J.: 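Here you go, one structure.
Hydrogens, waters and symmetry mates are skipped; everything else that's a heavy atom, side chains included, is used. Here the structure is a predicted model, which means the values were calculated and not measured.
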Amino acid sequence: MSGNHGSGHHSHPESSASVRARALESLLIEKGLTSSDVVDKVISVYEDDIGPRNGARVIARAWVDPAYKQRLLADASSAVEELGFGGALLAVVENTPMVHNMVVCTLCSCYPSQLIGLPPTWYKSFAYRSRAVIEPRAVLREFGLELPDDVEVRVWDSSSELRYMVLPERPAGTEHLSEDELVDLISRDSMIGVAKVQAPAAVG
């Protein structure tokens, strides 16, 4: 088990900015200036398109450029800045055939949102935050990811000071794909470590 449990976490009270944002949202909906559907659509764009696409571009670049991959693993914050993405201090951990990494924030929901979008509900849940550390294989199994017994599972505890992102394995059979085509294969969940990236033939 790896990580930095017990330090650097938010106590996670709702911020004044969050309270103001919710109040403004309620007022705009009440006045008929927007709707819950529009708000949900904006959130969906950030969750499914903007955030994960940024992280996916980082991963795809690492897959096609060995020198960039080395810089990413050595100093992730600087490497993502090369692609125009800033944010909190970041570490990237690499999945291999014998090592599988997954990310959790045991006390709240620290997460590299500038790269992989807003954290999903399950990432913020007490069940995931507590069980990912205690029984990671069981949690991964519930996500549909069964790992062989000889694969080491490492769990990384994100904090407000240091966020983690997984560099998933590039699937076999993707050698002919361009960097842009690889981006389309990479999911948010694979960068948290609860899924693997599937080759195109297995997608859908």
J.: Is it true that Arg57 and Glu179 have a side-chain N and a carboxylate O under 4.0 angstrom from each other?
T.: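 A salt bridge is absent here (no side-chain N lies under 4.0 Å from a carboxylate O).
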J.: Should Arg154 and Glu152 be marked as a salt bridge (Lys or Arg N to Asp or Glu O under 4.0 Å) after you check the CA-CA gap, both sets of side-chain angles, and the distance that decides it?
T.: CA-CA 6 Å; Arg154 297 176 181 171; Glu152 178 186 356; 3.1 Å; yes
J.: Determine yes or no for a side-chain-to-main-chain donor-acceptor pair under 3.5 angstrom, with Arg129 supplying the side chain and Lys124 the backbone.
T.: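 It does hold such a pair.
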J.: Start with the C-alpha gap between Val133 and Asp157, add the side-chain angles, then the distance that decides, and say whether side-chain contact (heavy atoms from CB on, under 4.5 Å) holds.
T.: CA-CA 9 Å; Val133 177; Asp157 193 1; 5.9 Å; no
J.: For the pair Asn54 (side chain) and Gln114 (backbone), establish whether a donor and an acceptor sit closer than 3.5 Å, ignoring hydrogens and angles.
T.: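 Indeed, once roles are kept as given, a pair shorter than 3.5 Å links the two residues.
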J.: Less than 4.0 Å between a side-chain N and a carboxylate O, is that true for Arg53 and Asp184?
T.: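 Salt bridge flag = yes for Arg53 with Asp184.
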J.: Looking at Glu142 and Arg131, is there a salt bridge between them, counting it only when a charged N and a carboxylate O are closer than 4.0 Å?
T.: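 Looking at Glu142 together with Arg131, the answer is yes, because their closest N to O distance falls below 4.0 Å.
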J.: Apply side-chain contact (heavy atoms from CB on, under 4.5 Å) to residues Trp156 and Val166 and explain how you reach the verdict.
T.: CA-CA 10 Å; Trp156 299 89; Val166 173; 6.0 Å; no
J.: Start with the C-alpha distance between Phe126 and Thr106, add both sets of side-chain angles, then the distance that settles side-chain contact (heavy atoms from CB on, under 4.5 Å), and finish with yes or no.
T.: CA-CA 8 Å; Phe126 176 75; Thr106 54; over 6 Å; no
J.: Spell out, yes or no, whether Val64 and Val58 are grouped together once hydrophobic residues are joined by side-chain heavy atoms under 4.5 Å, including indirect joins.
T.: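 Per the 4.5 Å side-chain linkage, Val64 and Val58 are co-clustered.
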J.: Test your reading of the model: is there a side-chain donor-acceptor pair from Asn95 to the backbone of Asn101, 3.5 Å cut-off?
T.: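 Indeed, once roles are kept as given, a pair shorter than 3.5 Å links the two residues.
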J.: For the CG atom of Leu185 and the CD1 atom of Ile59, what is their distance to the nearest 0.5 Å?
T.: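 That separation rounds to 12.5 Å.
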J.: Ignoring hydrogens and angles, tell me if any N or O in the side chain of Thr174 forms a donor-acceptor pair with the backbone of Leu177 under 3.5 Å.
T.: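 Pair absent, no side-chain N/O of Thr174 close to backbone of Leu177.
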J.: Could you tell me how the ring of Phe143 sits relative to the ring of Tyr128: parallel (under 30°), tilted (30 to 60°) or perpendicular (over 60°)?
T.: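 The arrangement is perpendicular - the two ring planes meet at more than 60°.
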J.: Between Trp63 and Ile186, is a side-chain contact (heavy atoms from CB on, under 4.5 Å) present by the stated rule, with each step listed?
T.: CA-CA 11 Å; Trp63 281 350; Ile186 301 163; 3.7 Å; yes
J.: Check the pair Glu146 / Arg137 against salt bridge (Lys or Arg N to Asp or Glu O under 4.0 Å), numbers first and verdict last.
T.: CA-CA 7 Å; Glu146 185 80 45; Arg137 288 179 183 275; over 6 Å; no
J.: Shortest non-hydrogen contact from Val197 to Glu169?
T.: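 Looking at all heavy atoms of both residues, the shortest contact is CB-O, 4.1 Å.
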J.: For the residue pair Ser160 and Cys110, what are the closest heavy atoms and their distance?
T.: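 Looking at all heavy atoms of both residues, the shortest contact is N-SG, 3.3 Å.
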J.: Who passes side-chain hydrogen bond (donor to acceptor under 3.5 Å, both in side chains) against Glu81, sequence neighbours left out?
T.: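 Scan of Glu81 (side-chain hydrogen bond (donor to acceptor under 3.5 Å, both in side chains), adjacent residues dropped) gives none.
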J.: Less than 4.0 angstrom from a charged side-chain N to a carboxylate O is my criterion; do Lys69 and Glu94 meet it?
T.: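 Yes, charged N to carboxylate O under 4.0 Å.
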